[in-house]
Colleague: 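Here it is, the structure in full.
All residue numbers in this chain count up from 1 along the given sequence. The model shown is predicted, which means the values in this text are computed figures rather than measured ones.
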Amino acid sequence: MFEAGTLSVIAPRAGGPEVLELVRRDLPALKSGEMRVRVHAAGVNRPDAMQRSGNYPPPPGVTDVLGLELAGEVVETAPDVTRFQPGDRVMVLVAGGAYAEEAVVQADVCIPVPAGLSMIEAAGIPETYFTVWSNLFQRANLKAGETVLLHGGTSGIGVTATLLARAIGARMITTCGSDEKCAASVALGASASINYRTQDFVAEGRALTDGRGPEVVVDMVGGSYMQRNLELVAEDGRIAQIAFQQGARADMDMGPLLFKRLTLSGSTLRARPIPMKAALARAVEAEVIPLIMEKGARPAIDSVFDLTDVQAAHAHLEASAHTGKIILKTSACTEE
């Protein structure tokens with residue numbers, strides 16, 4: 001029997017992976033600049049788990065269907081959309097709604113999926129590659145020949161940053177929570193990886209940079225790490241804060257910010273206005289896609305789950321045993 005609406009994933013209450021439910025949702029009518037896309041695959045990210053647990057609600061007016069990135073096939077376009085047409089393969093960053101069989105997306109934020117890139121790979125690009133390019137390259141201004149230390153080397157962000165840094169000729173040092181993860185990070189291209197459970201990353205980071213510290217630090221931990229990042233980073237260095245997994249509050253001595261002439265920046269993607277996201281999409285299309293296709297920076301896929309197994313995908317994410325991206329695929333995706 002036919003069921004109306006598109007199969008979608010929501011969290012009707014805050015909790016663990018077990019609260020996730022599959023429901024049928026009708027999509028809204030297309031507005032100016034929008035397209036309806038048949039989703040083939042969607043990325044699973046930490047903000048999704050935060051939303052599910054009640055700590056990261058969607059912005060006002062955004063669907064409660066989870067998911068921030070997807071790849072799929074255009075089904076329908078608003079009359080004013082001219083760049084794309086039905087049948088085109090696209091990847092896109094969304095403010096919500098990616099965990100579904102169909103989604104409404106902003107055409108200006110879409111990037112064509114290049115020939116030779118699978119839908120599963122494409123679904124792992126928008127959230128992490130947009131985040132890394134915006135924070136590590138645009139805001140922290142990482143250049144070839146510089147060294148960056150990133151916390152969380154085997155996370156989606158960590159793996160993406162490692163791949164892109166290597167692709168432009170920069171050196172990556174990561175921190176990880178086990179020797180096995182450190183080895184995995186090095187295998188993916190990090191020049192060194194520090195086990196933060198058994199080593200002092202400040203002392204090790206200095207030792208690995210001849211005492212000067214890395215030019216850039218990328219941090220998604222926050223809390224006590226913020227003070228230690230100030231101590232570690234090189235003079236005239238840059239710190240990019242992209243999340244606060246340990247909390248946004250810390251008792252800090254901000255003296256090094258002045259004495260070392262540091263730049264501290266932070267940003268989030270989800271709440272940015274559409275024109276800002278569109279501009280970032282164009283930068284990623286022009287600067288990052290060539291690195292992906294020609295310089296070995298293709299997304300590293302850890303695992304693929306069916307959309308109906310979304311609870312298992314979130315449990316895998318929260319176990320922190322993954323290296324690279326976790327992907328959900330829908331019934332429209334025939335790729336393995």
Colleague: Once rounded to the nearest 0.5 Å, what's the spacing between atom CZ of Phe130 and atom CG of Leu93?
Modeller: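 Here the rounded value is 5.5 Å.
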Colleague: Restricting to non-hydrogen atoms, name the atom on Leu291 and the atom on Leu164 that form the minimum distance, rounded to 0.1 Å.
Modeller: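 In terms of heavy atoms, the two residues are closest at CD1-CD2, 4.0 Å.
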Colleague: Please answer: with hydrophobic residues joined when any side-chain heavy atoms are less than 4.5 Å apart, are Val304 and Val9 in the same cluster?
Modeller: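 No; Val9 is not reachable from Val304 via cluster members.
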Colleague: Do we see a donor-acceptor contact under 3.5 Å between the side chains of Ser265 and Asn135?
Modeller: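 Side-chain D/A pair, Ser265 to Asn135: absent.
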Colleague: Return the CG to OG1 distance between Leu30 and Thr77, rounded to the nearest 0.5 Å.
Modeller: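 Leu30 atom CG to Thr77 atom OG1 measures 7.5 Å (nearest 0.5 Å).
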Colleague: Using 0.5 Å steps for rounding, measure from the OH atom of Tyr225 to the CG atom of Asp219.
Modeller: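 Output value for this atom pair is 8.0 Å.
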Colleague: With respect to Asn45, which candidate in Gln51, Glu127, Glu69 satisfies the side-chain hydrogen bond (donor to acceptor under 3.5 Å, both in side chains) definition?
Modeller: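 Going through the options one by one, the only one that passes is Glu69.
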Colleague: Between the side chains of Asp80 and Ser32, does any donor sit under 3.5 Å from an acceptor?
Modeller: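 Yes, because at least one side-chain N or O of Asp80 sits under 3.5 Å from a partner of the opposite role on Ser32.
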Colleague: So, taking the atom named NZ in Lys295 and the one named CD1 in Ile289, what distance separates them when rounded to the nearest 0.5 Å?
Modeller: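 Nearest 0.5 Å value for the NZ-CD1 distance: 15.0 Å.
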Colleague: Can Thr160 and Thr128 be counted as having a side-chain donor-acceptor contact under 3.5 angstrom?
Modeller: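 There is such a pair between these side chains.
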Colleague: Can you label the angle between the His314 ring and the Tyr99 ring as parallel, tilted or perpendicular, going by 30° and 60°?
Modeller: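 Ring orientation of His314 relative to Tyr99: perpendicular.
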Colleague: Tell me if the aromatic rings of Phe137 and Trp133 count as close, with their centers under 6.0 Å from one another.
Modeller: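 Centroid separation for Phe137 and Trp133: below 6.0 Å.
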Colleague: Taking 4.0 angstrom as the limit, do Asp108 and Lys277 come out as a salt bridge?
Modeller: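 Salt bridge flag = no for Lys277 with Asp108.
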Colleague: Salt-bridged, Arg282 to Glu285, with N to O below 4.0 Å?
Modeller: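 Salt bridge flag = yes for Glu285 with Arg282.
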Colleague: Less than 4.0 Å between a side-chain N and a carboxylate O, is that true for Glu102 and Arg36?
Modeller: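 So Arg36 pairs with Glu102 through a salt bridge.
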Colleague: Centroid separation under 6.0 Å, is that true for the rings of His151 and Tyr196?
Modeller: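 Ring centroids of Tyr196 and His151 are no less than 6.0 Å from each other.
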Colleague: Indicate whether any N or O donor in one side chain lies under 3.5 Å from an N or O acceptor in the other, for Ser320 and Arg46.
Modeller: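 On atom types as modelled, these side chains qualify, holding a pair under 3.5 Å.
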Colleague: Check for me, please, whether Val81 and Ile274 land in the same ILVMFWY cluster - side-chain distances under 4.5 Å, paths through other members count.
Modeller: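 They do share one cluster, since a chain of ILVMFWY contacts under 4.5 Å joins Val81 to Ile274.
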Colleague: Salt-bridge test for Arg298 and Glu121: reply yes if a basic N is under 4.0 Å from a carboxylate O, no otherwise.
Modeller: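 Between Glu121 and Arg298 there is a salt bridge, with a charged N closer than 4.0 Å to a carboxylate O.
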Colleague: Is there a path of hydrophobic side-chain contacts, each under 4.5 Å between heavy atoms of I/L/V/M/F/W/Y residues, joining Val218 to Val186?
Modeller: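 No; Val218 is not reachable from Val186 via cluster members.
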Colleague: Between Glu215 and Arg171, does a salt bridge (Lys or Arg N to Asp or Glu O under 4.0 Å) hold up when you go through it step by step?
Modeller: CA-CA 10 Å; Glu215 285 84 3; Arg171 179 185 182 219; over 6 Å; no
Colleague: Check the pair Arg83 / Asp88 against salt bridge (Lys or Arg N to Asp or Glu O under 4.0 Å), numbers first and verdict last.
Modeller: CA-CA 10 Å; Arg83 186 181 186 193; Asp88 287 346; over 6 Å; no
Colleague: In terms of side-chain heavy atoms, does Asn55 have a donor or acceptor partner in Ser53 at a distance below 3.5 Å?
Modeller: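 Side-chain D/A pair, Asn55 to Ser53: present.
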Colleague: Atom CD of Glu101 and atom OG1 of Thr330: how far apart are they, to the nearest 0.5 Å?
Modeller: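 Rounded to the nearest 0.5 Å, the CD-OG1 separation comes to 6.5 Å.
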Colleague: Do Arg270 and Tyr56 meet the cation-pi criteria used here (NZ or CZ under 6.0 Å from the six-membered ring centre, within 45° of the axis)?
Modeller: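 The answer is yes, since Arg270 meets both limits relative to Tyr56.
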Colleague: Start with the C-alpha distance between Arg238 and Glu146, add both sets of side-chain angles, then the distance that settles salt bridge (Lys or Arg N to Asp or Glu O under 4.0 Å), and finish with yes or no.
Modeller: CA-CA 11 Å; Arg238 294 89 72 195; Glu146 291 186 324; 2.7 Å; yes
Colleague: Is it true that Arg261 and Asp236 make a salt bridge, defined as a side-chain N closer than 4.0 Å to a carboxylate O?
Modeller: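 Salt bridge flag = yes for Asp236 with Arg261.
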Colleague: Is a donor from one side chain sitting under 3.5 angstrom from an acceptor on the other, for Thr174 and Ser193?
Modeller: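 Yes, Ser193 and Thr174 have a side-chain donor paired with an acceptor closer than 3.5 Å.
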Colleague: Looking at every non-hydrogen atom in both residues, tell me the closest pair between Pro256 and Leu230 and how far apart they are.
Modeller: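 Of all heavy-atom pairs spanning Pro256 and Leu230, the closest is CB-O, 3.9 Å.
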Colleague: So, are Arg25 and Asp64 salt-bridged, with charged N and O less than 4.0 Å apart?
Modeller: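 Yes, this pair counts.
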Colleague: Any chance you could measure Phe201, atom CZ, to Glu231, atom CD, to the nearest 0.5 Å?
Modeller: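 One gets 8.5 Å once the value is rounded to the nearest 0.5 Å.
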Colleague: Compute whether any side-chain donor of one residue and acceptor of the other, for Arg197 and Thr175, lie under 3.5 angstrom apart.
Modeller: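 Distance-only check fails for Arg197 and Thr175.
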